[in-house]
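Just the heavy atoms: all of them, side chains too, but no hydrogens, waters or symmetry mates, feed the values below. The residues of the chain are indexed from 1 along the displayed sequence.
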Amino acid sequence: MNEMLLFASAAGAEGAQGPSLTMILIPVVVPVVIAIIKFFLPKLPKAWLPILAPILGALAELVASGSFDAGTIWGAVAGSAGVGLREIVDQLKKAAPVRAE
């Protein structure tokens with residue numbers, strides 16, 4: 001229980017109340033933004049795309065909160081989680097059985 005209190009106090013007042021809507025949306029929105037970036041900049045090296053995810057997550061949280069604090073770091077983590085979420089979706093699409101019609 002003490003670990004939970006320590007985590008909540010380290011995350012600030014927002015962390016004690018639970019995740020904000022911004023933090024919930026970042027893992028979903030960041031892969032969409034990266035897909036848009038890939039569409040408009042096809043020559044961008046693919047190695048840069050996973051690096052952009054935490055940067056975009058941190059920027060989204062920074063803009064939403066207006067301050068650079070622990071939440072900004074959590075925004076970067078949430079952006080990285082978006083890459084994992086996209087990979088899960090890609091793997092599920094590959095594993096889905098093909099229907100013969």
Side-chain angles (χ1 to χ4, degrees):
M1 184 67 172
N2 288 337
E3 294 85 13
M4 295 294 281
L5 293 174
L6 180 62
F7 176 76
S9 64
E14 292 177 7
Q17 296 172 351
S20 67
L21 180 61
T22 305
M23 293 303 281
I24 293 170
L25 291 177
I26 287 174
V28 177
V29 173
V30 165
V32 173
V33 171
I34 289 177
I36 293 169
I37 290 172
K38 279 189 346 186
F39 180 76
F40 286 109
L41 299 172
K43 291 188 179 188
L44 185 69
K46 291 187 181 209
W48 281 88
L49 299 175
I51 296 169
L52 284 175
I55 294 169
L56 291 173
L59 284 175
E61 201 287 324
L62 182 64
V63 168
S65 70
S67 64
F68 185 85
D69 55 6
T72 308
I73 303 303
W74 285 111
V77 171
S80 295
V83 173
L85 180 63
R86 188 200 72 226
E87 285 299 320
I88 289 170
V89 170
D90 288 348
Q91 293 302 318
L92 288 174
K93 284 181 183 177
K94 288 179 185 178
V98 179
R99 292 188 205 172
E101 294 183 34

**Student:** Can you give me the closest heavy-atom contact between Pro50 and Pro54, atom names plus distance?
**Tutor:** O-CD, 3.1 Å

**Student:** Is it true that Ile51 and Leu44 fall in one hydrophobic cluster, defined by side-chain heavy atoms closer than 4.5 Å?
**Tutor:** no

**Student:** Does Leu85 share a hydrophobic cluster with Leu56, counting links as ILVMFWY side-chain heavy atoms below 4.5 Å and allowing steps through other members?
**Tutor:** no

**Student:** Applying side-chain contact (heavy atoms from CB on, under 4.5 Å), run through Met23 and Val77 and close with a yes or a no.
**Tutor:** CA-CA 10 Å; Met23 293 303 281; Val77 171; over 6 Å; no

**Student:** Quick one: CG on Leu62 to CD1 on Ile55, what's the gap to the nearest 0.5 Å?
**Tutor:** 13.0 Å

**Student:** So which atom in Gly57 and which in Ile26 form the shortest heavy-atom distance, rounded to 0.1 Å?
**Tutor:**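 Smallest interatomic distance, heavy atoms only, reads O-CD1, 3.5 Å.
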
**Student:** Which heavy atom of Val28 sits nearest a heavy atom of Ile24, and at what distance?
**Tutor:**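 For Val28 versus Ile24, the nearest heavy atoms are CG2-O, 4.3 Å.
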
**Student:** Are Leu59 and Val33 linked, directly or through intermediate hydrophobic residues, by side-chain heavy-atom contacts shorter than 4.5 Å (ILVMFWY only)?
**Tutor:**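 No: no chain of side-chain contacts under 4.5 Å links Val33 to Leu59.
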
**Student:** Can you hop from Leu21 to Val30 via hydrophobic side chains spaced under 4.5 Å?
**Tutor:**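 Yes, because Leu21 and Val30 connect within a single hydrophobic cluster, where side-chain heavy atoms sit under 4.5 Å apart.
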
**Student:** Could you give the distance from CG (Leu52) to OG (Ser80), rounded to the nearest 0.5 Å?
**Tutor:**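 One finds 11.0 Å between CG of Leu52 and OG of Ser80.
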
**Student:** Decide, yes or no, whether a salt bridge links Asp90 with Arg86 under the criterion of side-chain N to carboxylate O below 4.0 Å.
**Tutor:**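 Yes, charged N to carboxylate O under 4.0 Å.
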
**Student:** In Å, rounded to the nearest 0.5 Å, how long is the span from CD1 of Ile36 to CG of Leu41?
**Tutor:** 11.5 Å

